[in-house]
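Taking it in order: structure first as structure tokens, then the write-up.
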Amino acid sequence: MWRLNAVRHKAGRQGSDLEEFKFKRREHEKELRRARKDSQLVSKRLLLNDDEEEDGTMDTLASDQVVELFNMVRHGRDLVKKEADLRALRKALRSPSAHLILIKQPNSIAILVTNLCGPNPQCRLEAARCLHELSHSPHSEVDSLRLRQATPYLITFLSGQSPKFTELCLYTLGNMCPDSENVRDMLLAQGIIPALNNCIQIHRTNLAVVEAVGFTLSQLISANYVTGTIIPAVLASGLIPRLLSVLTPDSQFGLGPVIECAWCLHYLACSNVDNGALVAQGTLLHCTSLLVTLGVAVAKGSIEEGIELLIWPLLRCVGNLLLSGPLGALQPQLNDSRLLAALCAFPQAFLQTHPALARESIWVLNNLTAAADSSVFCSALFYLNLVPALIQLLPFSHGINIMVLRVLGNIAHQGREYCLHLAQAGLLPALCATLKMADTEVVTFSLEVLGQLMASDPQLAEEFVRQSGLPMLEAIQYSNQETIRLRATHLLEHHLPPHCTVDTSASQ
Amino acid sequence: MQHTFLLILRSTKHLNKPASRDPHSLHFTKDSPPVWISQMDSSILVGFRPGCFFSSSGSQDGEAKLTFIPQQILLNKDHELFEDGDIHRHLYLQNLSTCPAYDSPTARQCEFRCYISGCSQVFSTVEDYEHHYNTLHRHVCSSCQRSLPSARLLDIHIQEWHDSLFSILAERQDMYQCLVEGCGSKFRTRDQRKDHMIKIHKYPSDFMFDKVKRIKNIKIAKKNMLQKGTSMEVSMSVSEPEGVCEVLSDQPEEEEYMEINHSLEPGILDPPSNPINTVELSTDHDTAPILSVTIQPTTNQQRPQHNRERHSYRVPRTVCFGQGSVQGFRGHGRRI
């Protein structure tokens, strides 16, 4: 089970330890980014057992000791002794070097599987733990292929009643999922999806197991090339309503289960296999409700630690599901206009800590305001007085201002009234500033939005001139970037009152 | 008109896509170009790639059009916009996320850039940028590319330096205007004007009355409040080392300059005895000496993009402070 508190305990070291920790983490982050670029971003989880700490003393046994332990397990008849031997073996496997030693032993996995299914519950548990350690192995030789003998049993046990045991099986399977397409096909054929469905139903009150189900499912569907069979199977399985029912965070237990389920929903939505089905089963409704709840909390200033891990997948899920049909049809699912307020609250709260989250929040706003029937949302933005907050985001890079300019462009596109309201909210002076920015794309979008404003009403063109915006357009005409040069010229020629044209006008 | 245009644009963007949904056709990796898909009247941009939306639109008929239309954007799981969030998630999965000071990328404020071609200086605040622009790119004389602080001083400059008729008339009439606005006095020679300004308007005697050399240090300009219509056109020659361009090019530059302006009376070249401390001068007066700066032409006679090729490390006389500074700043990359 993962609690953010538990991890904080580990990170709470002082002094040079902390610096080293941060350095390692930064290095690690770079690795992850590289992996993502290669579409190889994969993580595994290791369940900690009650009788050990994560960095506890590892009894690194010598290889012959490991072999000896294993032989005792293999040949042992006394179940009590076998249980002790298995436990010792499991502890030995905490050290990765022991993994290689073990798998070199003939029939090592088969022996473990025998114990996994054996009569003694404790032996089963320890055998499962051994397999779990192997599933988390850093060695490439210890891969899912080697462990494949275990999978049908692990899957079967998902429908069992023992939470602790089930949790182990789940995380073991979850660690195996990303390894290869063959593994996933095999798991699919062996019935992992109905098993997961069953499992989450049986153990729905045990949030640790629910979290494990979420994790395993997310590993299954976030891999590459899963749209063909796996995702349709998931959509058809009846898992969606169960995932949705998890979407109410339990303050006692923490965010873990909700986070996992939310990421599952994100992976399903962004695959775009059948988003209509997702919506029909209530995904949009539940996700937007939760976002509204979180938005209210965030706006009040109570930002729970790790909450962004939950907000992120929800935003992505909603953002992609908005394309599944005309907004009018989706309207009932969109809860209420407080969603807009939430989408504006997130950037304000997370701008400094997680700017990418701010950007994705505005992306969702874009999808809400860019559809053919978005006028109601654009109106709502004014009604709730959210536009000034958006305008305040314009100074920020990292893609944020571009996305905000898109949204503003979407609103301006709705017509003259909207343009006037935008101007009232103070957009023109803000555009005067964005026109000066270094990023050409920002300037391009600014010119586009400006063009829409000025075309809608000559008053706005005059206002722009009053705001001393004209020298900016003139200056841009002398840029070496053609996109902005041409647009600036276009604006000067077509949208500004005649008495404003300057002698430095480039054409005509 | 605008809206009609946009409507037309939208309709031409509809592809002939079959009505049934083909999942594979909607799957684009982050590397494929954006594709428009018509779906119930709204345009959807799939496989959206930031930075590629606006192509150079001049190609079609030479005339720029505004091309923005609202688009909904579908992002698949590998999209680069999702990178930071994914990294955050995986750090969490690997128990590395919570830490007292998580070094996530923080939002930066956008930088500002001067768009005058060849200038391309970058600034971190609007004020810095505007100051730069107002100092170097306003009221520019098209003949000698100097920037004057006000329209009136520009007129006077043009009249005195680039008007051949002026020198003819000046032989017989009082043509040299007092530079202080509202005074209205005129004089037969530059020296007389200078005396007038010293005596009547209490300008210091070692004030830079006439343009001598290029502005070297914009920091001084900053301290001298640039006020329209109340300053003299002056070239400050400063040899302050910091933040200066053309440090390398002192002597030869001046000679070039002098040669070109050989038609001027030698006496007008009035190098200050104390070239550096113009700051002191400025504090005496509200009317601070203004520094005239040579800059690149901003008239439409020149197509901007070609000027970039004229860089050399020894800054030639016509090169503006802005342009030269890109080359010649020592140490600093860009900031004034």
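Naming: A, B, ... by sequence-line order, numbering from 1 per chain. Note that the structure is a prediction, hence the values are computed from the model and not measured.
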What are the two closest non-hydrogen atoms of Q72(B) and A370(A), and how far apart are they?
N-CB, 3.7 Å
At what distance, to the nearest 0.5 angstrom, does CE of M437(A) lie from OH of Y129(B)?
12.0 Å
What distance do R487(A) atom CZ and T67(B) atom OG1 have between them, rounded to the nearest 0.5 Å?
4.0 Å
Is chain B contacted by the side chain of L447(A), its backbone, both, or neither, given a heavy-atom distance below 4.5 Å?
backbone
What part of L315(A) gets closer than 4.5 Å to chain B, counting heavy atoms only: side chain, backbone, both or neither?
neither
So, R33(A) and D84(B), do they make that salt bridge, N to O below 4.0 Å?
yes
With distance as the sole test, does R316(A) use its side chain to make a donor-acceptor pair with the main-chain N or O of F82(B) at under 3.5 Å?
yes
Can we say E308(A) and R89(B) salt-bridge, meaning some charged N sits less than 4.0 Å from an Asp/Glu carboxylate O?
no
Nearest heavy atoms of Q71(B) and N410(A), plus distance in Å:
N-OD1, 4.3 Å
Donor-acceptor contact below 3.5 Å, side chain N367(A) vs main chain I73(B):
yes
Is chain B contacted by the side chain of L357(A), its backbone, both, or neither, given a heavy-atom distance below 4.5 Å?
neither
Taking side chain as everything from C-beta outward and backbone as N, CA, C, O, which of these in F215(A) sits under 4.5 Å from a heavy atom of chain B? Side chain, backbone, both or neither.
side chain
